[in-house]
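To keep things clear, I will list the structure first and then write my remarks on it.
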Amino acid sequence: MIEIPASYNYCSAFLTFACNLKCPYCINKYNGLYKYDHMEIDDWVEGLRRIRTTPDLPITLSGGEPTLYRGFCYIINRCEEYFDVLTNGEFDPRWFASKVEPNRLWRGARYSSIRFSYHPHQTNPVMLLLKVRYLLSKGYSVGIWAVDNKDPIIRRVGTVAKLLGIDFRLKEFLDDKHGSYKYPAGLDGKRK
């Protein structure tokens, strides 16, 4: 078994680096990670079952786009561990609701168990809001998160989301000139 230290606040499993969006700033695109073969489904299940999780520290299934991994729903349903999902939302929510019960991802945490990552100019914001509302109506814990790159459309989507009762949060934009870093001297790539 793998015990996650109490000082950790995030644990993620990148099921795939494949994605159905074409964001020009995508880190997976530039480092070529999307080209790698996928692990077998049963290997994921076996590995994830070894990690001791808690409602406060679930394993975030992410990627690329985790719903593109062929065993995505199977993994959620076969493991007893706590999971949440970070997704671009480019999937059919009816398909998802037919495969995964809401209680498999519900933890009662301070943030949504399914976090849709809003990508301006890649994601249709109206469809995204409709998908989130659908999953909320089915009992899922869902919200929308976006990186605050000062694009005005992000603020407009956030305003509409909040009017619809959707948890919408902005994450700080980070690059070599902006952001709150714990180790800013490490950004030059020469030190760890």
Side-chain angles (χ1 to χ4, degrees), residues 1-21 27-28 33 36 38-119 123 128-129 131-147 161-162 164-172 174 182:
M1 295 304 292
I2 299 170
E3 297 282 343
I4 300 174
S7 61
Y8 285 31
N9 64 7
Y10 193 74
C11 177
S12 184
F14 292 76
L15 299 179
T16 178
F17 288 105
C19 187
N20 40 11
L21 297 181
I27 192 169
N28 295 338
L33 289 173
Y36 288 100
H38 291 152
M39 275 178 47
E40 293 299 321
I41 298 168
D42 290 335
D43 292 338
W44 270 117
V45 170
E46 181 181 336
L48 293 170
R49 283 182 173 167
R50 294 179 52 220
I51 302 171
R52 300 218 178 187
T53 61
T54 66
D56 292 339
L57 186 58
I59 300 169
T60 298
L61 300 178
S62 64
E65 173 49 37
T67 62
L68 294 178
Y69 180 71
R70 69 187 184 284
F72 173 72
C73 295
Y74 180 83
I75 288 170
I76 293 172
N77 290 322
R78 292 284 299 181
C79 293
E80 307 235 348
E81 289 62 36
Y82 293 98
F83 290 117
D84 62 16
V85 177
L86 180 59
T87 176
N88 64 27
E90 295 293 316
F91 63 89
D92 182 345
R94 295 167 300 185
W95 161 82
F96 180 77
S98 74
K99 302 285 185 190
V100 177
E101 293 290 325
N103 63 352
R104 290 297 300 135
L105 298 170
W106 190 271
R107 303 177 328 279
R110 291 175 292 163
Y111 60 89
S112 301
S113 298
I114 303 173
R115 294 179 307 285
F116 281 61
S117 178
Y118 174 57
H119 296 75
T123 304
L128 185 70
L129 291 164
K131 289 175 182 185
V132 170
R133 290 284 296 175
Y134 175 82
L135 290 172
L136 286 169
S137 76
K138 296 296 182 183
Y140 294 90
S141 168
V142 189
I144 301 172
W145 291 26
V147 174
K162 289 178 181 181
L164 294 172
I166 296 171
D167 179 18
F168 183 90
R169 301 188 191 196
L170 290 174
K171 295 179 356 181
E172 185 178 20
L174 303 173
K182 188 170 184 177

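Everything numeric in this text was worked out from a predicted model, so none of it was measured.
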Quiz item: For atom CZ of R110, is the number of surrounding heavy atoms from other residues, nucleotides or ligands below 6.0 Å larger than 12?
Solution: no
Quiz prompt | Side-chain (T53) to main-chain (Y82) donor-acceptor, under 3.5 angstrom | solution = yes
Practice problem: For S141 and S113, work out which heavy atoms get closest and say how close. | Solution: OG-N, 3.0 Å
Quiz prompt | Over 12 non-hydrogen atoms of neighbours within 6.0 angstrom of CG in N9 | solution = no
Quiz prompt | Which atom of L57 lies closest to which atom of Y10, heavy atoms considered | solution = CD1-N, 3.4 Å
Exercise. Answer yes if the ring centres of F72 and F91 are under 6.0 angstrom apart, and no otherwise.
Key: no
Exercise. Look at the rings of F96 and Y140 and say which category their plane angle falls in: under 30° parallel, 30 to 60° tilted, over 60° perpendicular.
Key: tilted
Quiz item: Do you know the tightest heavy-atom contact between E172 and V147?
Solution: O-CG1, 4.3 Å
Quiz item: Is a side-chain donor or acceptor of Y69 paired with a backbone partner of A18 at a separation under 3.5 angstrom?
Solution: no
Quiz prompt | From CA spacing to verdict: side chain to side chain contact (heavy atoms under 4.5 Å, CB included), I41, R70 | solution = CA-CA 8 Å; I41 298 168; R70 69 187 184 284; 3.9 Å; yes
Exercise. Evaluate the criterion side chain to side chain contact (heavy atoms under 4.5 Å, CB included) for residue pair T87 and E65; output intermediate values, then yes/no.
Key: CA-CA 6 Å; T87 176; E65 173 49 37; 2.7 Å; yes
Quiz item: Does the side chain of E81 reach to within under 4.5 Å of the side chain of R49, using non-hydrogen atoms?
Solution: yes
Quiz item: Is there side-chain contact between D42 and Y74, with heavy atoms separated by less than 4.5 Å?
Solution: yes
Practice problem: Give, for atom CD of E90 and atom SG of C19, the distance between the pair rounded to the nearest 0.5 Å. | Solution: 8.0 Å
Self-check item: R104 side-chain N/O to E101 backbone N/O, donor-acceptor pair under 3.5 Å
Solution: no
Quiz item: Is the closest basic N to carboxylate O distance between R78 and E46 below 4.0 Å?
Solution: no
Quiz item: Do you know which of N20, T67, T123 makes side chain to side chain donor-acceptor pair (under 3.5 Å) with N88?
Solution: N20
Exercise. Return yes when atom CZ of R169 has more than 12 non-hydrogen atoms of other residues, nucleotides or ligands closer than 6.0 Å, and no otherwise.
Key: yes
Quiz item: How many angstroms lie between CH2 in W44 and CE in M39, if you round to the nearest 0.5 Å?
Solution: 5.0 Å
Quiz item: Shortest non-hydrogen contact from C79 to F83?
Solution: CB-CE1, 3.5 Å
Quiz item: Between atom OG1 of T16 and atom CG of L61, what is the distance when rounded to the nearest 0.5 Å?
Solution: 12.5 Å
Quiz item: Quick one: CZ on F17 to NE2 on H38, what's the gap to the nearest 0.5 Å?
Solution: 9.5 Å
Self-check item: Separation between CD1 of I59 and OG1 of T54, rounded to the nearest 0.5 Å
Solution: 10.0 Å
Quiz prompt | Which atom of I166 lies closest to which atom of L136, heavy atoms considered | solution = CG1-CD1, 4.0 Å
Practice problem: Over all heavy atoms of both residues, which pair between G89 and K131 is shortest? Give the atoms and the distance, please. | Solution: O-NZ, 2.9 Å
Practice problem: Return yes if a side-chain donor-acceptor contact under 3.5 Å exists between T60 and D84, otherwise no. | Solution: yes
Self-check item: Gap between atom CZ of R94 and atom OG of S98 - 0.5 Å precision
Solution: 10.0 Å
